[in-house]
Peer 1: 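This is the structure I have questions about; it appears just below.
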Amino acid sequence: MVIFKEVSAISHLVAGLQNKGLRCGFVPTMGALHEGHISLLRTAAGQTDKTICSIFVNPTQFNNQSDFDKYPQTIESDILQLEKAGCDILFLPDVHEMYPGGLSPTVNYPLGELETLLEGHYRPGHFQGVCQVVHRLLDIIHPDILFLGQKDFQQCKVIEKLIQLIGNKTRLVICPTKREPDGLAMSSRNLRLDSHQRVKATAIYRVLSQVIHQIKPGDTTQLTLDAGNQLRSEGFNVDYLEIADYNTLAPIRNWDGKSPAVALVAAYLGEIRLIDNLTFGRITE
Ligand code: AMP
C-alpha cells in the first residue's frame, strides 16, 4: 500500500491510473477502522481495479467539540488492517492539506429537508461539514466509484444529493451495515463504550428489528413511541426513533404496507451517541 499525505501527489497518481484505463474505488473514513470499513474496501476491490482509502477526522462535521477531541485515533492498527485487506492507496492528509483556506465554509449546499430531518435536526451544521469534506475529497481523487456504508443512511442520501448538486460523475455504491455477532452495528465510537454499555448497546438492533418485524400497514405512531420508550427504559437517552421514507427520509406516520422505508435510531449511552437503521418494504435498487 502506498501512503500519500499530499493532495498534489495523490491527484497525480490517480489521474495516471485512470489514464491507463484503471477504475478507482474510493472509501472515505475517519479512521479507527473496523470490519465495517474493511467490508467497504473489499466491495471496492471486487468492483474496481485500484482501491483508495482516506483517513481524515474532519473537524467541520463535528457539532460537538468534545466528540471531536475524543474521536478514537488508531492509525497504526488502521494501516495494518488496510494492508491486510489489500488496499492499494491510503490518503492521510492533515488539516492544512485538506483546508488550505481555513475551516470556514465557502459554499452552502442546498440539501433541503435532508439537512433538517433526523440527524440534521440533532446535529446542526453536520451535513454541511460532511459535504465540505466529501466535495474536497472528490475534487482531489475523482474516483470512478465511491463506496459508503448504509450504517450512515442519511449521510448516504446527503452525498447522493451532493453528487447531483456538484454535477460529479462518480457512481455511488451503498454497502450493507456490518454487525457484531450480537447485532450491534460496528462503529468507531463503540471503542468508547465501557463493558456495561457495550452489553446494553445491543438493545438498539433488537428494538429496530422488532419494529420492522411488527410493523403493519396503517398508523405507525404507537409502534415508534413504544420502541423509543423501550430504549429509554433500558438506559438510553433517545434523540429519535423514526420510520421514514426510504428515498426522501420524510417521516411516515401511516405506512401502506409496501413502500420502501427505513427505521432509524439515534440514542446516547452515557456520552456516546450511537446510530443505526434497518430498511424494509419493497426496496428496488
Ligand atoms: P466513518 O469512519 O465512521 O466516517 O465511516 C466511514 C465509512 O464507513 C462510511 O461510509 C460509513 O457509513 C461506513 N461504515 C461505518 N460503520 C460501518 C458498518 N458497521 N458497516 C458498513 N459500513 C460502515
Side-chain angles (χ1 to χ4, degrees), residues 25-48 51-64 67-68 70-75 77-79 81-82 85 87 90-93 98 114 118-119 123 126-138 141 143 145-163 170-193 198 201-202 204-205 208-209 249 262 264-266 272-279:
F26 177 43
V27 178
T29 81
M30 297 203 299
L33 300 184
H34 48 67
E35 259 310 304
H37 299 112
I38 299 302
S39 73
L40 266 54
L41 263 167
R42 294 216 175 89
T43 306
Q47 297 189 23
T48 58
T51 50
I52 305 161
C53 177
S54 65
I55 297 180
F56 177 64
V57 185
N58 174 35
T60 71
Q61 73 187 68
F62 284 81
N63 52 317
N64 175 332
D67 191 28
F68 175 64
K70 291 185 182 160
Y71 202 84
Q73 307 233 19
T74 58
I75 191 63
S77 144
D78 292 352
I79 291 174
Q81 289 183 69
L82 290 172
C87 177
L90 169 61
F91 182 41
L92 200 58
M98 283 299 284
L114 275 179
L118 303 164
E119 288 299 283
R123 302 188 66 190
H126 169 64
F127 287 127
Q128 289 296 326
V130 167
C131 286
Q132 188 185 8
V133 74
V134 174
H135 190 173
R136 173 87 173 124
L137 288 167
L138 291 176
I141 292 173
I145 313 183
L146 176 66
F147 295 85
L148 301 176
Q150 188 202 312
K151 158 84 172 27
D152 298 278
F153 191 84
Q154 191 169 2
Q155 173 169 279
C156 294
K157 298 288 167 192
V158 163
I159 294 176
E160 197 172 71
K161 174 116 190 185
L162 170 74
I163 288 175
T170 301
R171 189 157 76 81
L172 183 59
V173 170
I174 298 175
C175 307
T177 303
K178 265 271 177 197
R179 299 181 179 281
E180 301 289 354
D182 61 13
L184 177 65
M186 291 183 179
S187 164
S188 306
R189 288 189 172 84
N190 295 352
L191 291 175
R192 294 178 52 204
L193 298 169
R198 173 64 189 82
T202 57
I204 291 193
Y205 178 66
L208 274 181
S209 303
L249 284 181
V262 56
L264 309 107
V265 64
I272 301 136
R273 189 169 184 276
L274 301 171
I275 61 169
D276 199 356
N277 66 85
L278 288 175
T279 57

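It should be emphasised that the depicted structure is a prediction, and the values quoted were computed from it without experimental measurement. All ligand and atom numbering here is 1-based and tracks the order in the structure. In what follows, every heavy atom counts, from backbone to side chain, and hydrogens, waters and symmetry copies are set aside.
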Peer 1: Taking any residue with a non-hydrogen atom under 4.0 angstrom from an atom of ligand 1, which ones do you get?
Peer 2: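 Shell around ligand 1 (4.0 Å, heavy atoms): P28, T29, M30, H34, G36, H37, L40, Y71, L148, G149, K151, D152, P176, T177, K178, M186.
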Peer 1: Under the salt bridge (Lys or Arg N to Asp or Glu O under 4.0 Å) rule, collect the residues that match up with R123, sequence neighbours excluded.
Peer 2: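 R123 satisfies salt bridge (Lys or Arg N to Asp or Glu O under 4.0 Å) with no residue once adjacent residues are dropped.
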Peer 1: Is a side-chain donor-acceptor pair under 3.5 Å present for T177 with Q150?
Peer 2: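 There is no such pair (donor and acceptor under 3.5 Å, judged by atom type) between the side chains of Q150 and T177.
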Peer 1: Hey, would you say the F91 and F56 ring centroids sit under 6.0 Å apart?
Peer 2: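 When the ring centroids of F91 and F56 are compared, they turn out to be at least 6.0 Å apart.
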Peer 1: If you measure only the distance, is there a donor-acceptor pair under 3.5 Å linking the side chains of S39 and E35?
Peer 2: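 Distance-only check fails for S39 and E35.
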Peer 1: State which residues pass salt bridge (Lys or Arg N to Asp or Glu O under 4.0 Å) with R136; sequence neighbours excluded, sorted by chain then number.
Peer 2: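 Scan of R136 (salt bridge (Lys or Arg N to Asp or Glu O under 4.0 Å), adjacent residues dropped) gives none.
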Peer 1: Quick one: salt bridge (Lys or Arg N to Asp or Glu O under 4.0 Å) partners of R171, sequence neighbours excluded?
Peer 2: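 Counting only residues at least two positions away or on another chain, R171 forms no salt bridge (Lys or Arg N to Asp or Glu O under 4.0 Å).
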